[in-house]
Amino acid sequence: MTHNRTVTLRQVSSLACVVGLASIVATAGSGVASAQDSTKKRAKVSAFFDSQDPLEVTLTTNIGKIRGDKGENPPWRLATLSYKGTDGNPISVPIKVRTRGIWRLRMCDFPPLRLNFAGETSKGTIFHKLDKPKLVSYCQDMDGYEQYLLEEYQLYRIYQILTPLSHKARLMKFIYADSSNGKVRARRYGFIMEEPGAVAQRMGGKVLDQKGAMPGDLDAYQDALFGVFQYFIGNTDFSEAALHNVELFFTNEGVASPIAYDFDFAGAVNARYAIPDPKLKILTVRQRLFRGYCTAPDEYAKVFALFNEKKPEIYALYSDSIGKLVDRGTARQTLSYFDEFYETINDQRSAKGSIIKSCIGRP
């Protein structure tokens, strides 16, 4: 698509301060690329994420066709989600699914999906008011890969502890059934993610697909938290400027904050397939490298204090009913990995050298 003018992040922010974000969208018109607007007709708050109960759900679709959908514009395929209601009776919800993603789409035996719910067909079910959420599913039908998924899910739980400006997620035990022959393909955990529009509505703003954010363009505290969280989990697979695994949330006053997602390449997950970008000059994803933007030192101090305050709650996630699904040896290794982070932020010299002085500044 060709636009007559480009709306930069700074233009968006400055305009917002004067006329409010709703007017920006009207003024920017097509200049704001692919706005994911929380005021879309279908973007409503769902109670789906209020529960952390990993309900067993059967996803039935033509798995052969789904596995072959690797193009840029995959078709929507018919599917159903079935589960037992509170009265024990089966409930079946007709939906559509299509493939998504980049690396996992190419490399996984079962691709990541986007689910498409119709409001009327999902009414009265646990999926009511969901629109088109992402399903993070198993990559390979092996226990080790299921552990990667559970570890990634834990990171979403941690992010929610640290800030509400993050995606909620709900773990479910999926039975993957092939509609072409009626056979069960796999029984593996997966999780459904809160959509950007739902995050925006919950937080009272908008999520806009606006690239070009640089140091100083974003809310200082939230940007510091974003960068330190990525360092905490050992994730370098993101770009704030390019919106790679990053979304930008705008308040109605035009203040922008980054939201992180997609953590399977993080050191805390330590997936066998995760390899860092050679340009970063780190040997493994387990090796931390701070890639957050520069902000004032006192903002980092606030973030470090938050991590220390939330440490018991974060560590407790690995001993609750969901955390116990993570292999005990893996859980110990993960907590040990987190211990190293806490040693860094609680040592003034280490924090300064590894984080504060290692930030990305404006070119």
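- Between the side chain of Tyr337 and the backbone N or O of Arg286, at least one donor-acceptor pair lies under 3.5 Å.
- At a threshold of 4.0 Å, the pair Arg104-Asp262 counts as salt-bridged, since one of the basic side-chain nitrogens sits closer than that to a carboxylate oxygen.
- Note on ring orientation: taking the six-membered ring where Trp is involved, the planes of Phe110 and Tyr138 are parallel (angle under 30°, cut-offs 30° and 60°).
- Remark: side-chain polar atoms of Tyr342 are paired, donor with acceptor, to backbone N or O of Phe307 under 3.5 angstrom.
- Heavy-atom neighbours of Lys311 NZ from other residues, nucleotides or ligands within 6.0 Å: above the threshold of 12.
- Between the side chains of Thr330 and Glu151, no donor-acceptor pair of N or O atoms lies under 3.5 Å.
- Arg188 forms no cation-pi arrangement with Tyr176, by the criterion of a distance under 6.0 Å to the ring centre and an angle within 45° of the ring axis.
- Note on ring orientation: taking the six-membered ring where Trp is involved, the planes of Tyr145 and Tyr273 are parallel (angle under 30°, cut-offs 30° and 60°).
- Donor-acceptor pairing under 3.5 Å is lacking for the side chains of Arg157 and Gln160.
- Cation-pi geometry between Arg288 and Phe341 is not met at under 6.0 angstrom from the ring centre and within 45 degrees of the axis.
- Under 3.5 Å, the side chains of Asp217 and Tyr293 contain no donor-acceptor pair of N or O atoms.
- The only option from Arg100, Arg77, Arg98 that meets the salt bridge (charged side-chain N to carboxylate O under 4.0 Å, His left out) definition with Asp69 turns out to be Arg77.
- For the residue pair Asp237 and Asn245, the shortest heavy atom distance occurs at O-ND2, 2.8 Å.
- For the pair Arg272 and Tyr148, the cation-pi criterion (under 6.0 Å, within 45° of the ring axis) is not fulfilled.
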Inset, instruction - Quick one: do Arg114 and Asp131 satisfy salt bridge (Lys or Arg N to Asp or Glu O under 4.0 Å)? Show the steps, please. - result: CA-CA 10 Å; Arg114 187 174 294 278; Asp131 187 12; over 6 Å; no
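- In this structure, Tyr159 and Phe229 have parallel ring planes: the angle between them is below the 30° cut-off, well short of the 60° mark.
- Neither side chain, Gln140 nor Asp109, offers a donor N or O lying under 3.5 Å from an acceptor on the other.
- Judged by distance alone, the side chain of Glu56 and the main-chain N or O of Lys173 form no donor-acceptor pair under 3.5 Å.
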